[in-house]
Each structure stands twice: as structure tokens, then as C-alpha cells.
Amino acid sequence: MRNWFIFTLCMLGQMAFAQVQFEDRSEGLPEHIYSGGWEHFVGGGVAVFDCDGDALPDLYAAGGTQPARLMHNNGNFEFEVVASPRLTGVSGAYPLDIDADGFMDLFVLRVGANVVLRGKGDCRFENATQAMGFVAEDRWSTAFTAWWKEGGDRPQMAVGNYVDRLDPNGPFEACDDNTLLTPAAQGYVSSPLSPGYCTLSLLAARDAWGLHRLRFSNDRHYYVSGGKEQMWDIAEKRFLTTEDGWPDLSVWGMGIASRDITGDGRDEIVLTSMGDQLLQLAKSDGYRAAPFDIGTYAHRPHMGGDGRPSTGWHAEFGDVNNDGLPDLFIAKGNVDQMPGMAMRDPNNLLMQQAGGTFVEAAAQAGVASLARSRGAALADFDNDGKLDLLVMNRRAPMELYRNKTPDAGNWVRIKLKQLGGNRDAVGARVDLFVGENIQSMQKLVGGGHAGGQALPLHFGLGQGVAAQVVVRWPDGSIGAYRVQAGETATLEKGS
């Protein structure tokens with residue numbers, strides 16, 4: 001399909017990786033359920049980050065009508081709840097270092113006023129919404145992304161708002177405006193990003209054209225007609241139109257996943273939806289829908305006996321067997337009791353093959369849950385070099401799976417650091433070379449469904465024992481590095 005994928009045969013030496021396997025370790029999680037009425041049909045995200053510097057990923061889990069919970073990773077897949085400001089109405093959260101003090105903060109999305117929790121180290125947080133100059137607005141927030149202008153000491157942010165709960169004619173055709181948050185001398189200035197079409201995922205990233213833009217994925221269930229997917233040019237401060245090569249596309253947009261899977265330095269995009277999960281291939285002239293036989297559309301349940309269409313939520317790329325080919329996880333589950341959609345709707349684990357197609361493996365891997373899944377995360381919770389899986393469910397307990405795939409390939413983790421306000425180099429692109437294998441990943445904040453990660457970038461190396469790395473830093477400068485398999489390499493700009 002694409003010549004680039006031939007690298008698998010030469011780089012891996014025709015290595016055959018064992019079937020991916022997970023074991024259920026959910027008993028190590030504290031009891032926690034994302035619950036609530038129609039205002040929590042959507043959301044249910046999780047933030048994954050290291051809140052105390054022990055190199056083990058910790059969790060902040062949305063609770064809906066129940067309090068959100070901060071969970072410390074004690075090792076060996078054992079988590080415990082630690083004290084944090086008590087917040088209900090939480091639909092999701094994203095970790096990022098807003099004030100550049102070296103501690104991760106949390107932007108918490110709520111049905112109600114959003115909250116900024118400032119990290120103080122050792123998994124301690126304080127409500128700093130007012131202190132950091134954010135305006136409290138009573139909205140229904142369901143999406144978030146952030147980026148830095150060059151030289152900026154604080155991030156730009158965008159918040160996706162869903163249905164306007166105060167519209168007496170709603171909920172249909174009552175989508176709220178989204179919000180742009182811009183740093184000012186005193187705190188942040190809030191301005192509308194209008195029109196809004198019931199946004200459920202946002203992502204600021206370099207697009208197929210190589211430009212820094214803001215993508216919206218919108219739920220046509222409530223905008224009904226006249227709405228569409230959106231792309232906002234950050235530099236020009238305007239929405240793209242068909243004249244820019246941006247197509248009119250309407251889906252039941254739930255989540256966004258972004259990763260270069262072709263080795264050309266452009267991120268492909270997955271949009272989850274009710275029915276098809278749309279993979280858009282990035283080309284120099286824009287995006288094209290992937291052919292159906294690529295195997296990512298996942299439009300109906302692959303097990304469980306329910307033939308009605310699927311409902312996709314969080315999507316995330318990650319190399320779960322470390323063969324150098326990014327795989328794709330999709331969380332699935334009925335909104336609640338929608339009769340036209342599958343009620344028994346298992347999650348997908350789509351394993352990328354050498355020819356660029358994807359094959360379903362969730363059932364045999366042991367992660368095909370039939371709960372109403374929402375948020376999720378692929379992260380190495382035990383530091384063994386393999387990506388594990390966390391799944392958030394609506395009205396059902398969270399699930400945690402340990403990746404115990406035998407004979408998985410080698411790996412490396414890349415942590416980026418630079419001076420200034422954008423300490424973690426959000427917006428950088430990492431190109432990694434092992435023989436003829438080229439992998440590319442952007443350092444981003446946003447996407448997914450109501451939750452994201454602030455962890456080192458994980459690359460599978462196959463049988464490679466070292467890799468050359470080229471970092472295109474946010475200011476456009478380039479640094480070259482060499483890394484070894486099995487390490488978490490901290491790459492500093494200028495070193």
C-alpha cells in the first residue's frame with residue numbers, strides 16, 4: 001500500500017512478534033465510577049501524568065456527579081486516592097505546566113465553572129482558578145487543548161463547550177460557543193470561538209499542510225443540521241472553508257487521535273463517531289478518507305452478538321507490542337440507551353500490520369470490555385517498557401490492564417525540555433530513525449475524549465538497540481541526538 005512500510009521486513013529482520021496480551025489488574029484501582037444523568041452522557045475522561053516525580057504515571061479521574069479523584073501510583077498496579085480539592089460535575093481533565101514551575105497543573109472541565117488546579121509537588125494541588133486570572137463561566141465544557149506562542153511565558157488555550165443548558169429551546173440546535181483563553185497582563189482574557197457546533201474534542205497541532213491549526217470535532221446529534229467539523233487557523237484567527245481545501249464534513253464527533261503512521265512527518269487523524277471511526281490520511285494537499293479496507297472504521301461490534309452500529313469515544317495511537325508500528329485503541333459504548341446503536345459494544349485494539357492495514361485484536365488480547373467506555377489512556381504504569389491500558393466507563397468501574405505481551409520489541413521514551421514558559425516543548429516534533437524505519441510524533445496537549453497525558457513520548461524500536469532522533473523544537477530550530485533502547489532519554493534544547 002505504501003512503500004514506507006517495507007521497512008518492517010528489513011529493520012525487524014522478518015521478526016515475528018508474539019500476539020499482544022493483557023491481564024486485568026483492575027483490582028488495584030480504588031472504587032470509582034463516572035456517573036450522572038444526561039449532562040454526563042458524554043465526558044468521563046482521565047488525566048495521566050506523574051504528580052510526584054517517581055516516574056510512575058498517576059491519575060486524575062472525572063467523576064460526573066461523584067467527586068473527581070486523584071490516584072497515586074504506588075507501583076505493582078496498586079493505586080490509592082490522595083487528597084485533592086473536592087470537585088463534582090467534572091467531565092474531564094488535561095495536565096500541563098501552565099506557570100512553568102516544573103509541576104504539572106490540571107485544567108479541569110466541568111458541567112459548571114471550569115477549575116484550574118495548580119500543582120505544588122508531591123501530588124499536592126490547590127484551586128488556583130482565580131489566582132491565575134481565569135474567569136469562571138457556568139458552561140458545559142467537554143474538550144480542551146493548549147499551545148504556546150513562540151516566546152510566550154504562558155499557554156494559549158481553547159475550551160470546547162457542548163450544549164447551552166440555559167437555552168429554553170434546547171437541547172437540539174442549542175450548541176454553545178467555544179472559548180479561546182489568551183494570556184494578558186493580568187490573568188487570561190476569554191473570547192468566543194463562534195460558531196460552536198457542540199464540540200467534544202479539540203486539538204492544536206501541525207496539520208497536513210504543516211501549519212499550526214486548531215481542529216474541532218463536533219457532535220451532529222445536537223447541531224442536527226448546518227454544522228460541520230471545523231479547523232481554525234491560529235495565526236490568521238479564522239475558520240477554514242472549502243476554498244482553503246477544508247471539506248464540509250459532518251459526523252457524530254466524539255474524539256480525536258493524531259499520529260503519523262506513514263513516516264512522512266504528517267499526522268494522520270482518527271475521528272471517533274457513532275458508526276464509522278474515520279481515519280483521515282494526511283497528504284501535502286490536505287486530508288483524504290482512508291480506504292475502507294484499511295481496517296480502522298470499526299463501524300460495528302466485533303464480538304458480543306449485537307449487529308447495530310458502534311459508538312466510539314476516546315481514540316489513541318500507541319505501539320503496544322513495540323514493533324515500530326503505531327497501533328490504535330478505541331473506547332466504545334452506547335451513549336446510554338440509544339436503541340439504534342449497539343448496547344454490547346466492545347472496545348477495539350487495532351494492531352497495525354506491515355502493509356499499513358489494521359487487524360482487530362481486542363478479544364484475544366483480553367481488553368474487549370462491554371461496559372459503556374468513555375475515556376482511556378495507553379501508558380506504561382509499571383515502567384517495564386510496554387504500554388498498559390486504563391479505561392474509564394460510564395456507570396461502571398474503571399478498568400486497568402497490564403501489558404504482558406511476550407517477546408515484545410525494544411523501546412525508548414523521549415522527554416523534551418527547554419528554557420522559558422513552554423518548558424515541556426509543546427508543539428515540538430520528534431523524528432526517530434532506526435535503519436529505514438522513520439517514526440514521527442508531535443508533543444501535544446489535547447485531543448482524545450475529555451482527557452490527555454503529560455508523559456514522555458513512547459516509541460517502539462522492534463529489534464533496534466539504538467536510534468537517531470531529530471527534534472524540531474517549537475521555534476523551528478533543529479537538534480540531533482542519539483538514544484539507546486530501554487532508556488527514558490531527556491533531550492534538552494541546545495544540548
Side-chain angles (χ1 to χ4, degrees), residues 1-22 208 251 255-273 275-283 286-303 309-310 312 314-332 345-368 376 378 387 389 403 405 407-409 432 434-441 458-463:
M1 180 176 176
R2 291 183 291 271
N3 291 336
W4 173 77
F5 288 102
I6 296 174
F7 85 82
T8 307
L9 298 179
C10 56
M11 188 274 289
L12 301 181
Q14 296 185 349
M15 179 179 181
F17 284 95
Q19 181 58 242
V20 62
Q21 296 178 15
F22 287 82
V251 297
I256 301 172
S258 174
R259 180 78 179 260
D260 175 19
I261 64 171
T262 65
D264 65 356
R266 300 183 185 93
D267 277 18
E268 275 63 50
I269 296 291
V270 167
L271 305 173
T272 58
S273 178
D276 293 341
Q277 321 307 310
L278 177 61
L279 171 63
Q280 295 182 319
L281 300 175
K283 304 295 181 181
Y287 294 94
R288 300 176 191 170
F292 183 81
D293 61 5
I294 200 169
T296 56
Y297 280 79
H299 60 299
R300 295 188 187 277
H302 57 86
M303 57 166 282
S310 283
H314 183 91
E316 185 173 335
F317 286 104
D319 190 349
V320 298
N321 59 357
N322 290 334
D323 64 352
L325 297 169
D327 310 302
L328 177 63
F329 175 81
I330 302 174
K332 294 282 193 67
D345 200 358
N347 298 332
N348 298 102
L349 180 61
L350 301 170
M351 302 298 297
Q352 189 179 173
Q353 308 300 295
T357 58
F358 289 77
V359 174
E360 180 59 63
Q364 55 198 19
V367 295
L378 289 168
L387 293 175
L389 175 64
N403 187 340
T405 301
D407 303 320
L432 183 140
V434 179
E436 296 184 23
N437 177 7
I438 305 172
Q439 297 185 63
S440 177
M441 210 183 310
H458 176 102
F459 292 89
L461 302 181
Q463 290 181 321

Q: Which atoms form the tightest heavy-atom contact between T272 and A315, and what is the distance?
A: CG2-CB, 3.5 Å
Q: Mind checking salt bridge (Lys or Arg N to Asp or Glu O under 4.0 Å) for R259 and listing every partner two or more places apart, or none if nothing turns up?
A: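 For R259, no residue satisfies salt bridge (Lys or Arg N to Asp or Glu O under 4.0 Å) once neighbours in sequence are set aside.
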Q: CD1 of I438 to OG1 of T262: how many Å apart, nearest 0.5 Å?
A: 10.0 Å
Q: Could you list the residues that satisfy side chain to side chain contact (heavy atoms under 4.5 Å, CB included) with S258, not counting sequence neighbours?
A: L203, D267, I269, L444
Q: Between L389 and V320, is there a side-chain heavy-atom distance shorter than 4.5 Å?
A: no
Q: For E360, which residues count as a side-chain hydrogen bond (donor to acceptor under 3.5 Å, both in side chains) partner, sequence neighbours excluded?
A: N348
Q: Among all residues two or more places apart in sequence or in another chain, which pass the side-chain hydrogen bond (donor to acceptor under 3.5 Å, both in side chains) test with Q21?
A: none
Q: Any chance you could measure D319, atom CG, to N321, atom CG, to the nearest 0.5 Å?
A: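 Rounded to the nearest 0.5 Å, the CG-CG separation comes out at 5.5 Å.
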Q: Should the ring pair F317 and F358 be called parallel, tilted or perpendicular, given that the plane angle runs from 0 to 90° and is split at 30 and 60?
A: tilted
Q: CD1/I294 to CG/L281 distance, rounded to the nearest 0.5 angstrom?
A: 5.5 Å
Q: Just jot down the side-chain hydrogen bond (donor to acceptor under 3.5 Å, both in side chains) partners of R288, sequence neighbours excluded, or say none.
A: D285
Q: Side-chain contact, heavy-atom cut-off 4.5 Å: V270 with L328?
A: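 Yes - at least one pair of side-chain heavy atoms lies under 4.5 Å apart.
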Q: Do E268 and D260 come close enough that some side-chain heavy atom pair is under 4.5 Å?
A: yes
Q: Can you list the residues that meet the side chain to side chain contact (heavy atoms under 4.5 Å, CB included) rule with A361, with sequence neighbours excluded?
A: Q19, V20, M351, Q364
Q: Report yes if some heavy atom in the side chain of I330 is under 4.5 Å from a heavy atom in the side chain of N347; otherwise report no.
A: no
Q: Rounded to the nearest 0.5 Å, how far apart are CG of N437 and CG of L432?
A: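 Here the rounded value is 7.5 Å.
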Q: Between N403 and L387, what is the shortest heavy-atom contact and its length?
A: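 The answer is ND2-O, 2.9 Å.
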Q: What pair of heavy atoms forms the shortest contact from Q439 to G460, and how long is it?
A: NE2-O, 2.8 Å
Q: Restricting to non-hydrogen atoms, name the atom on Q352 and the atom on D327 that form the minimum distance, rounded to 0.1 Å.
A: N-OD1, 2.9 Å
Q: Measure the shortest side-chain to side-chain distance between H458 and N322 over non-hydrogen atoms and say whether it is less than 4.5 angstrom.
A: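 They are in side-chain contact.
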Q: Where is the tightest heavy-atom contact between A376 and E316, given as atom of each residue plus distance?
A: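 Shortest heavy-atom separation between A376 and E316 comes out as O-OE1, 3.8 Å.
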Q: Does the side chain of L278 reach to within under 4.5 Å of the side chain of Y287, using non-hydrogen atoms?
A: no
Q: Please name all residues satisfying ring pair (Phe, Tyr, Trp, His ring centres under 6.0 Å) with F22, sequence neighbours left out, ordered by chain then number.
A: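 Here no residue qualifies.
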Q: If you take all heavy atoms of P291 and Y297, which pair is closest and at what distance?
A: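 Taking P291 first and Y297 second, the nearest heavy atoms are O-CE1, 3.6 Å.
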